[in-house]
K.L.:
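Structure in structure tokens, see below.
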Amino acid sequence: MIELLKAHTVSFLKDTYQKEIFATTITINKTPEDFVGDFTIVVFPLAKIAGARPDTIAEQLGNYLLKHATGISQFNVVKGFLNISIHNNYWIHFLQQHSNNPLFGFTASQHRRVMIEYGGPNTNKPLHLGHLRNILIGYSVSEILKAAGYDVIKVNIYNDRGVHICKSMLAYQLFGKQETPQSSGMKGDHLIGHYYVVYENELRRQLAEYTSQGLTEDEAKQKAPLALAVKEMLLKWEQGDEVVRSLWRKMNGWVYEGFDETFARIGCDFDKHYYESDTYLLGKTLVEEGLAQGVFFKKADGSVWIDLTADGLDEKLVLRADGTSVYITQDIGTADVRYRDFPCERMIYTVANEQDYHFKVLKLICQKLNKPYAGGIHHLSYGMVDLPSGRMKSREGTVVDADDLISEMEQTAAEQSAALGKLDQFNEEEKKVLFYNLGMGALKFYILRVDPKKRMVFNPEESIDFHGFTGPFIQYTHARICSLLRKAGNAVEYSSMTSDYPLHDLEKALIRYLHEFPHVIHEAAAQFSPSLLANYLFALAKEYNQFYQELSVLNAQAEEEKQFRLQLSGFTASVLNRGLKLLGIIAPDRM
RNA sequence: GGUCCGGUAGCUCAGUUGGAUAGAGCAUCAGCCUUCUAAGCUGAGGGUCAUUGGUUCGAAUCCAAUCCGGAUCACCA
């Protein structure tokens with residue numbers, strides 16, 4: 001409809017003023033509540049181009065549209081704004097045309113492949129709130145992109161090697177006493193996380209001992225037995241020492257089991273997992289190529305660098321003097337392997353914004369190496385999650401564990417539901433499923449409703465709220481509609497609909513919201529922003545609840561009215577249900 | 001110090017390429033369940049859009065400066 005109005009506006013300017021403009025320069029908004037109309041054309045820019053007074057040209061354009069564009073019932077001009085009213089027919093037809101389409105708003109595959117990386121945990125501790133935001137954003141953006149017609153490959157990268165991994169290995173070796181997830185009753189990732197903490201504590205104790213003897217912090221780090229032992233272990237790992245490697249395999253195996261369990265609970269999935277231990281040596285050959293091409297240069301000590309000062313950045317090391325690779329080198333190599341595995345037009349990295357600089361460098365280097373995928377590299381940069389008390393600090397034990405958090409959400413859902421006492425018809429298994437869906441609905445929505453780019457505050461008390469701007473509010477609206485449809489049975493007869501149905505304001509307002517759904521999905525995909533969708537779904541649910549409150553569906557005056565409202569309700573439920581699905585949230589039929 | 005990101009109601013957040021009187025939720029206060037699920041609906045109060053200047057018909061939005069907060073600038077990952 002908006003496209004139609006734009007097209008007519010373009011031809012109006014051509015016919016009346018002999019001016020050629022692009023449709024994109026025309027601004028058309030939804031008409032605000034306080035004015036009469038459905039869409040509003042902002043005519044100031046047009047007046048400037050045409051060299052006429054805004055109200056004059058608005059009047060002219062209004063008449064022109066009335067004459068040439070179908071579906072317009074009337075218009076009015078307020079200052080430089082042309083408010084256009086659309087015939088009720090248009091909305092009614094729209095509803096009839098799309099309400100039974102289970103794919104309304106979704107675009108069929110355009111055979112354009114994009115890859116998206118998310119997750120990216122280290123294998124030395126369990127997942128926490130920060131990972132959760134990463135995973136929820138990555139998963140949701142993937143689903144939104146699919147809905148917008150892309151073929152999406154979801155990949156995960158395990159940072160499974162390096163000093164940090166050796167730390168928990170060493171602590172386990174020294175203090176572990178052959179403990180296993182089975183013997184300790186701990187999830188694998190939590191068990192390994194425990195030994196990571198043991199290492200940190202023990203190291204701090206040793207450092208304190210040395211500094212109390214008068215050594216500086218740095219000197220103490222040079223001497224502390226634990227720090228030395230870790231370095232030695234890392235060296236052995238790199239040399240392929242079988243004892244170290246088998247310990248590493250065993251412990252990482254436990255971690256993966258733990259992660260798999262958590263991923264399943266979160267409800268995310270991956271098409272492929274990459275392991276840093278497989279890829280950390282890659283990139284070296286690319287550096288060799290780059291050296292030959294003159295993209296990189298070698299310093300006197302043999303280290304290899306790239307000069308990015310012309311691009312406003314610094315000189316960046318890509319290979320150490322001893323020939324070993326650094327983080328950025330691995331990433332170059334990994335990108336190359338991924339592109340070979342899955343040729344795609346975009347590679348999206350869901351990584352926190354503390355690595356903005358790193359990804360600028362990565363993209364620049366790939367561009368300078370003339371890699372075909374370089375232009376498609378996109379850093380989906382999201383903000384940190386803070387607590388009301390400030391930043392999460394592992395040292396102060398304020399890190400919110402993902403598994404604990406999910407359990408607490410389920411628990412809260414159970415309590416809230418029990419307080420309302422609506423679950424008489426549920427058996428135990430059904431209750432369990434419901435509490436899970438509601439708890440996760442609350443948690444996921446709470447995190448996804450915020451623009452990914454922005455830093456956010458996670459307030460535990462607020463996150464378990466089930467009222468207002470929350471997941472359960474939308475789930476509730478959906479369940480309400482399902483209840484209506486159940487009671488109506490199969491009596492829904494859409495065919496009886498006539499186009500002169502007297503559309504109520506609340507019905508029209510609701511249809512207008514539904515009308516926006518495809519646009520919202522495209523916008524959310526274009527901006528990689530689930531929050532746009534989350535905000536939309538909330539507004540839609542709110543609008544429905546208003547409608548539901550004011551107008552009776554099952555007890556409507558006329559049969560036609562009842563059928564119409566059932567159809568409208570069913571359509572709303574479908575959009576809510578599928579919209580939530582894109583956020584990774586399941587909408588129960590009853591609650 | 002250089003670079004990047006942010007500052008909107010008491011709190012958490014929207015505000016779609018610059019558009020009409022800046023919006024939600026929570027919290028506070030006042031109403032609505034003998035009729036479709038009250039996890040709901042209606043209403044009230046609450047704002048110097050960090051500050052100052054600029055651009056123009058029009059600025060929370062764009063530009064500049066300043067203040068405040070955060071990130072980053074590792075031969076860590």
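Remember, it's a predicted structure, so these values are computed and weren't measured experimentally. Chain A is the first sequence line, chain B the second, and so forth, proteins listed ahead of strands; every chain is numbered from 1.
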K.L.:
Classify D589(A) by what it touches in the nucleic acid, base, sugar-phosphate, or nothing, heavy-atom distance under 4.0 Å.
P.N.:
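Base contact.
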K.L.:
Can you tell me, in whole Å, how much space there is between the C1' of U56(B) and that of G18(B)?
P.N.:
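So the two C1' atoms sit 10 Å from each other.
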K.L.:
Sticking with atom P, work out how far U12(B) lies from C73(B), rounded to a whole angstrom.
P.N.:
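Those two atoms are separated by 28 Å.
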K.L.:
Nearest-Å distance, CD (E543(A)) to P (C41(B))?
P.N.:
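In whole Å, C41(B) P and E543(A) CD are 11 Å from each other.
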K.L.:
Rounding to an integer number of angstrom, what distance separates G6(B) and C13(B) when you compare their P atoms?
P.N.:
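So the two P atoms sit 15 Å from each other.
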K.L.:
Using the C1' atom as the reference point in each nucleotide, state the distance between A60(B) and C41(B) in Å, no decimals.
P.N.:
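A60(B) and C41(B) have their C1' atoms separated by 31 Å.
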K.L.:
Please give, in whole Å, the distance from C13(B) C1' to R455(A) CZ?
P.N.:
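Spelled out: CZ on R455(A) to C1' on C13(B) is 15 Å.
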K.L.:
Give me the distance, rounded to whole Å, that separates A59(B) from C49(B) when you measure between the C1' atoms they each carry.
P.N.:
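Here A59(B) and C49(B) have their C1' atoms 11 Å from each other.
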K.L.:
Among the nucleotides C73(B), A20(B), U37(B), which one has an atom lying closest to any side-chain atom of F81(A)?
P.N.:
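Selected nucleotide: A20(B).
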K.L.:
Does the Lys NZ or Arg CZ of K542(A) fall within the cation-pi geometry relative to Y513(A) - under 6.0 Å from the ring centre and within 45° of the axis?
P.N.:
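Not flagged: K542(A) not positioned over aromatic ring of Y513(A).
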K.L.:
Out of G19(B), A39(B), U16(B), which nucleotide sits closest to the side chain of N29(A)?
P.N.:
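Side chain of N29(A) sits closest to G19(B).
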K.L.:
Under 4.0 angstrom, heavy atoms only, what part of the nucleic acid is E276(A) near: base, sugar-phosphate, or nothing?
P.N.:
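If one applies the 4.0 Å heavy-atom cut-off, E276(A) turns out to touch the sugar-phosphate alone, with no base involved.
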K.L.:
So what does R391(A) touch, heavy atoms closer than 4.0 Å: a base, only the sugar-phosphate, or nothing?
P.N.:
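Sugar-phosphate, no base atom in range.
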K.L.:
From NZ of K562(A) over to P of C36(B), roughly how many Å is that when rounded to an integer?
P.N.:
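Distance, rounded to whole Å: 14 Å.
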K.L.:
For the pair H515(A) and F39(A), name the ring-plane relationship: parallel under 30°, tilted 30 to 60°, perpendicular over 60°.
P.N.:
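Ring orientation, 0 to 90° scale: tilted.
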K.L.:
Mind listing the N/O atom pairs, protein and nucleotides 4-12 of chain B, below 3.5 Å?
P.N.:
| unit_1 | atom_1 | unit_2 | atom_2 | d |
| --- | --- | --- | --- | --- |
| U12(B) | O2' | E462(A) | OE1 | 3.4 |

K.L.:
Would you call E561(A)-R565(A) a salt bridge at under 4.0 Å N-O?
P.N.:
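Yes, charged N to carboxylate O under 4.0 Å.
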K.L.:
So, Y446(A) versus F458(A), ring centres under 6.0 angstrom or not?
P.N.:
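Between Y446(A) and F458(A), the centre distance is under 6.0 Å.
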K.L.:
Tell me which nucleotide among U35(B), C76(B), G40(B) gets nearest to the side chain of V163(A).
P.N.:
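Nucleotide nearest to V163(A)'s side chain: C76(B).
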K.L.:
Anything under 30° is parallel, anything over 60° is perpendicular, the rest tilted; go ahead and classify H358(A) against Y327(A).
P.N.:
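Aromatic pair H358(A)/Y327(A) classed parallel.
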K.L.:
For this output row, return yes or no: ring centroids of F469(A) and F445(A) closer than 6.0 angstrom.
P.N.:
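Yes, close enough.
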K.L.:
Calculate the interatomic distance between H467(A) atom NE2 and A38(B) atom P; express it in whole Å.
P.N.:
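Checked: the NE2 to P distance equals 13 Å.
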K.L.:
Mind checking if L506(A) touches a base, just sugar-phosphate, or nothing, with heavy atoms under 4.0 Å?
P.N.:
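It contacts nothing in the nucleic acid.
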K.L.:
Base, sugar-phosphate, or nothing: which does Y548(A) touch, judged by heavy atoms less than 4.0 Å apart?
P.N.:
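Base contact.
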K.L.:
Assess whether a salt bridge exists between K299(A) and E315(A), defined as any Lys/Arg side-chain N lying under 4.0 Å from an Asp/Glu carboxylate O.
P.N.:
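Salt bridge flag = yes for E315(A) with K299(A).
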K.L.:
Counting side-chain heavy atoms from C-beta on, which of C75(B), A39(B), A38(B) comes nearest to V326(A)?
P.N.:
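Side chain of V326(A) sits closest to C75(B).
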K.L.:
Could you tell me if the ring centre of F528(A) sits under 6.0 Å from that of H378(A)?
P.N.:
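Ring-ring flag for F528(A)/H378(A): true, centres closer than 6.0 Å.
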K.L.:
Which nucleotide wins on minimum distance to the side chain of D301(A), given the candidates A39(B), G70(B), C75(B)?
P.N.:
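Closest nucleotide to the D301(A) side chain: C75(B).
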K.L.:
Using a 4.0 Å heavy-atom cut-off, does T477(A) contact any base of the nucleic acid, only the sugar-phosphate backbone, or nothing at all?
P.N.:
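Since no nucleic acid heavy atom lies under 4.0 Å of T477(A), the category is nothing.
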K.L.:
Remember a base hit wins even if backbone is also touched, and classify D331(A) as base, sugar-phosphate or nothing at under 4.0 Å, heavy atoms.
P.N.:
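Touches nothing.
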K.L.:
Do the charged groups of K298(A) and E288(A) touch, with an N to O distance under 4.0 Å?
P.N.:
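Salt bridge absent between K298(A) and E288(A).
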K.L.:
Within less than 4.0 Å of OP1 or OP2 of C36(B), is there a side-chain N or O belonging to S483(A)?
P.N.:
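No, because none of the side-chain N or O atoms of S483(A) sits under 4.0 Å from OP1 or OP2 of C36(B).
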K.L.:
Heavy atoms under 4.0 Å, any strand shown: does D34(A) hit a base, just sugar-phosphate, or nothing?
P.N.:
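Base contact.
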K.L.:
Under a cut-off of 3.5 Å for both distances of each Watson-Crick or G-U pair, what dot-bracket string does RNA chain B give, using [ ] for crossing pairs and | for inter-strand pairs?
P.N.:
(((((((..((((.....[...)))).(((((.......))))).....(((((..]....))))))))))))....
K.L.:
Can you tell whether the side chains of K79(A) and D55(A) come within less than 4.0 Å, N to carboxylate O?
P.N.:
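So K79(A) does not pair with D55(A) through a salt bridge.
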K.L.:
Atom NZ of K542(A) to atom P of A14(B): distance rounded to whole Å?
P.N.:
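Computing the K542(A):NZ to A14(B):P distance gives 17 Å.
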K.L.:
Assert yes or no for the condition that the ring centre distance of Y196(A) to Y199(A) is strictly below 6.0 Å.
P.N.:
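For Y196(A) and Y199(A), the ring centres are not under 6.0 Å apart.
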K.L.:
Report the distance from atom CE of M440(A) to atom P of A39(B), rounded to the nearest whole Å.
P.N.:
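Atom-to-atom, M440(A) to A39(B), this comes out as 23 Å.
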K.L.:
Would E543(A) and R512(A) pass as an ion pair if we require N to O under 4.0 Å?
P.N.:
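A salt bridge is absent here (no side-chain N lies under 4.0 Å from a carboxylate O).
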K.L.:
Determine the contact category for L438(A): base if any of its heavy atoms lies under 4.0 Å from a base atom, sugar-phosphate if only primed atoms, P, OP1 or OP2 are that close, otherwise nothing.
P.N.:
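Touches a base.
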K.L.:
Provide, to the nearest angstrom, the distance between the CG atom belonging to N535(A) and the C1' atom belonging to G15(B).
P.N.:
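Taking CG of N535(A) and C1' of G15(B), I get 9 Å after rounding.
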K.L.:
Y476(A) near the nucleic acid: base, sugar-phosphate alone, or nothing, with a heavy-atom cut-off under 4.0 Å?
P.N.:
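Y476(A): base contact, heavy atoms under 4.0 Å.
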K.L.:
Tell me which nucleotide among C57(B), U72(B), C41(B) gets nearest to the side chain of Q549(A).
P.N.:
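In terms of side-chain proximity for Q549(A), the closest of C57(B), U72(B), C41(B) is C41(B).
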K.L.:
Categorize T24(A) for me: base, sugar-phosphate, or nothing, with a 4.0 angstrom heavy-atom threshold over every strand shown.
P.N.:
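The residue T24(A) makes base contact.
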K.L.:
Counting side-chain heavy atoms from CB outward, which of A14(B), A39(B), A77(B) is closest to D451(A)?
P.N.:
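For the D451(A) side chain, the nearest candidate turns out to be A14(B).
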K.L.:
Need one value for P121(A): base, sugar-phosphate or nothing, where a base atom within 4.0 Å counts as base even if backbone is also close, heavy atoms only.
P.N.:
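P121(A): no heavy atom of the nucleic acid under 4.0 Å.
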K.L.:
I want to verify a distance call: between C13(B), U37(B), A20(B), whose nearest atom is closest to the K79(A) side chain?
P.N.:
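From the listed options, A20(B) comes nearest.
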K.L.:
Look at the side chain of A321(A) and decide which nucleotide, out of U16(B), C75(B), G40(B), has an atom nearest to it.
P.N.:
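Among U16(B), C75(B), G40(B), the one nearest the side chain of A321(A) is C75(B).
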K.L.:
Would you check if F473(A) stacks with the base of G40(B), given a 5.5 Å centroid limit and a 30° plane limit, both strict?
P.N.:
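Whether judged by distance or by angle, F473(A) falls short somewhere, so it does not stack on the base of G40(B).
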K.L.:
From the list A20(B), G19(B), A39(B), which nucleotide is the closest neighbour of the side chain of T40(A)?
P.N.:
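Among A20(B), G19(B), A39(B), the one nearest the side chain of T40(A) is A20(B).
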K.L.:
Do F538(A) and F473(A) make the cut of ring centroids closer than 6.0 angstrom?
P.N.:
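Under 6.0 Å, so yes.
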K.L.:
May I ask you to say what K422(A) touches in the nucleic acid, namely base, sugar-phosphate or nothing, with a heavy-atom cut-off under 4.0 Å?
P.N.:
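Base: the residue K422(A), judged by heavy atoms under 4.0 Å, touches a nucleobase.
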K.L.:
Does C62(B) adopt a syn or an anti glycosidic conformation, taking syn as a chi angle within 90° of 0?
P.N.:
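Here C62(B) takes the anti form, which means its glycosidic angle is more than 90° from 0.
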K.L.:
Taking OP1 and OP2 of C57(B), is either one under 4.0 Å from a side-chain nitrogen or oxygen of R53(A)?
P.N.:
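No.
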K.L.:
Using atom CE of M409(A) as one end and atom P of A39(B) as the other, report the distance to the nearest whole Å.
P.N.:
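Value for this atom pair: 18 Å.
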